[in-house]
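Not measured: the values here are computed from a predicted model. Numbers here simply count residues along the sequence, with the first being 1.
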Amino acid sequence: KGSPADWIAVGSLSVLNGQNFTSAAFSPDGTRLAAASTTGLVTIWDSTTGWLLLEVPVSSPSHLVVFDWSPDGHWLAAADDKGLVGVWSATTGAAAWTSTPSSGTVIRNIAWSPRGDQVAAATSERQVLWLSPGDGQQLPTPRKTIDDISDLDWSADGSRLAIATRGQVHLVDVDNGTTKILPQPWQVRAVCFSYDGRSLTIAGTSLRTIDVRNGSQVAAPASSINGLKFSDVSCSPTDRQLIAVAENDAVIIDAVDTR
């Protein structure tokens with residue numbers, strides 16, 4: 001559907017710039033990567049060749065868009081900063097459904113459970129809602145209320161939800177409802193689980209990998225990313241790469257750089 005993306009080699013990094021990206025993520029099988037931008041589009045590329053596969057029109061230009069893949073990679077759950085939320089085909093770009101949860105509610109981030117049964121959505125009202133991926137209706141799961149939510153990510157087995165906030169990561173066990181808090185020394189803008197669920201990569205003024213048991217750092221930030229400020233991060237299914245948004249650019253980083 002298009003030519004290979006203009007990925008630029010910068011040292012050991014691959015950088016796609018000039019798009020004002022807001023979020024980025026690998027597909028569950030790792031064969032595609034996608035990024036949302038202030039153009040209102042979610043753009044999908046082949047992760048091996050960089051070939052442009054699809055542009056999904058989620059919102060109007062200048063609106064902030066967040067998204068996540070369905071577990072089978074066939075769909076995208078997405079939302080904008082004007083209250084729209086919905087599910088779009090990752091093959092055709094067509095909307096399966098769209099809705100507005102309630103007047104004044106804006107979804108800041110969204111994460112589709114690997115179990116496929118629910119979508120977690122962080123709102124401007126400091127709450128995590130649980131939505132049906134079939135129609136967007138709120139599920140009866142009790143809401144979580146947490147200040148300053150900036151990102152969400154599920155463990156690969158769907159048993160835990162990591163919630164990034166100012167200076168903390170909340171780990172919610174969705175089966176028993178308990179929450180463990182991992183304090184961090186700086187504001188956490190984004191978070192992603194390793195595939196084995198043993199560690200989290202957290203993003204902010206740098207990228208760091210922490211142990212999910214106690215929040216301690218298990219790897220120092222890489223020299224290749226010194227000085228970058230990150231607003232989003234996603235781990236590949238193989239844990240070999242990360243894709244991050246750094247100062248509006250999409251950046252692919254070898255996992256060896258951060259672990």
Side-chain angles (χ1 to χ4, degrees), residues 22-36 40-44 53-60 63-146 149 151-163 172-177 191-193 195 197 232 234 237:
T22 56
S23 60
F26 286 97
S27 63
D29 64 2
T31 62
R32 291 164 293 167
L33 58 87
L41 299 173
V42 177
T43 305
I44 302 174
L53 301 176
L54 184 67
E55 292 181 327
V56 182
V58 171
S59 184
S60 303
H63 289 185
L64 186 148
V65 174
V66 293
F67 77 96
D68 196 21
W69 294 87
S70 66
D72 61 10
H74 294 164
W75 303 93
L76 297 170
D80 71 8
D81 58 0
K82 300 301 180 183
L84 177 72
V85 62
V87 166
W88 284 259
S89 169
T91 304
T92 67
W97 59 264
T98 61
S99 70
T100 303
S102 64
S103 178
T105 297
V106 174
I107 293 178
R108 302 294 191 190
N109 217 290
I110 199 163
W112 200 319
S113 169
R115 296 176 178 176
D117 59 341
Q118 58 188 328
V119 174
T123 76
S124 54
E125 284 81 29
R126 304 180 297 114
Q127 292 185 326
V128 178
L129 307 179
W130 312 93
L131 306 178
S132 165
D135 57 12
Q137 295 299 306
Q138 291 187 32
L139 299 173
T141 307
R143 301 180 181 186
K144 300 290 293 185
T145 300
I146 300 172
I149 300 172
D151 195 25
L152 306 169
D153 193 53
W154 291 93
S155 60
D157 63 0
S159 66
R160 292 169 293 170
L161 180 69
I163 304 173
V172 179
D173 187 313
V174 297
D175 294 324
N176 61 32
V191 62
C192 70
F193 269 101
Y195 191 75
D232 192 51
S234 176

Residues Pro237 and Gly30: closest non-hydrogen pair is CG-N, 3.6 Å
Just jot down the side-chain hydrogen bond (donor to acceptor under 3.5 Å, both in side chains) partners of Asp232, sequence neighbours excluded, or say none. none
Holding to side-chain hydrogen bond (donor to acceptor under 3.5 Å, both in side chains), I want the full list of residues that pass it with Ser89, two or more places apart in sequence or in another chain. Thr92
Does the pair Asn109 and Ile149 meet the rule for a side-chain contact (heavy atoms from CB on, under 4.5 Å), with working shown? CA-CA 8 Å; Asn109 217 290; Ile149 300 172; 5.8 Å; no
Closest heavy-atom contact between Pro114 and Ser155? CG-O, 3.2 Å
Test of understanding: with side-chain contact (heavy atoms from CB on, under 4.5 Å), list the residues that count as partners of Arg32, not counting sequence neighbours. Ser27, Ile44, Leu53, Trp69, Ala90
Judged by atom type as modelled, is there a donor-acceptor pair below 3.5 Å linking the side chain of Thr22 to the main-chain atoms of Val65? yes
Are Val85 and Ser99 close enough that some pair of their side-chain heavy atoms sits under 4.5 Å apart? yes
Any non-hydrogen side-chain atom of Trp88 less than 4.5 Å from a side-chain atom of Leu54? no
Got a second to check how far Ile107's CD1 is from Asp81's CG, nearest 0.5 Å? 11.5 Å
Checking Asp151 side chain against Val191 main chain: does a donor-acceptor pair fall under 3.5 Å? yes
Any sub-3.5 Å donor-acceptor pair from Arg160's side-chain atoms to Phe193's backbone N or O? no
All heavy atoms of Val128 vs all of Ala120, minimum pair found to be CG1-CB, 4.2 Å
Which heavy atom of Val42 sits nearest to which heavy atom of Val58, and what is that distance? CG2-CG2, 3.8 Å
side-chain contact (heavy atoms from CB on, under 4.5 Å) evaluation trace for Val56 with Phe67: CA-CA 11 Å; Val56 182; Phe67 77 96; over 6 Å; no
Might you point out which heavy atoms bring Ile110 and Ala77 nearest each other, and give the distance in Å? CG2-O, 3.8 Å
Which residues pass the side-chain hydrogen bond (donor to acceptor under 3.5 Å, both in side chains) test with Asp173, sequence neighbours left out? Asn176
Check the pair Leu131, Gln138 against side-chain contact (heavy atoms from CB on, under 4.5 Å), reporting the backbone distance first and the verdict last. CA-CA 4 Å; Leu131 306 178; Gln138 291 187 32; 3.7 Å; yes
Distance-only, no hydrogens or angles: does the Ser132 side chain make a donor-acceptor pair with backbone N or O of Gln137 under 3.5 Å? no
Pairs in or reaching into residues 126-137: which pass salt bridge (Lys or Arg N to Asp or Glu O under 4.0 Å), with residues at least two apart or in two chains? Arg126-Asp147
What closest approach, in Å, do Cys192 and Ser234 show between heavy atoms, and which atom pair accounts for it? SG-C, 3.8 Å
Suppose we screen for side-chain hydrogen bond (donor to acceptor under 3.5 Å, both in side chains). Which residues come up paired with Asp68, at least two apart in sequence or across chains? none
Rounded to the nearest 0.5 Å, what separation is found between the CZ atom of Phe26 and the CG atom of Leu33? 5.5 Å
Strictly by side chain to side chain donor-acceptor pair (under 3.5 Å), give each pair with a member in residues 111-120 just once, sequence neighbours left out. Arg115-Asp175
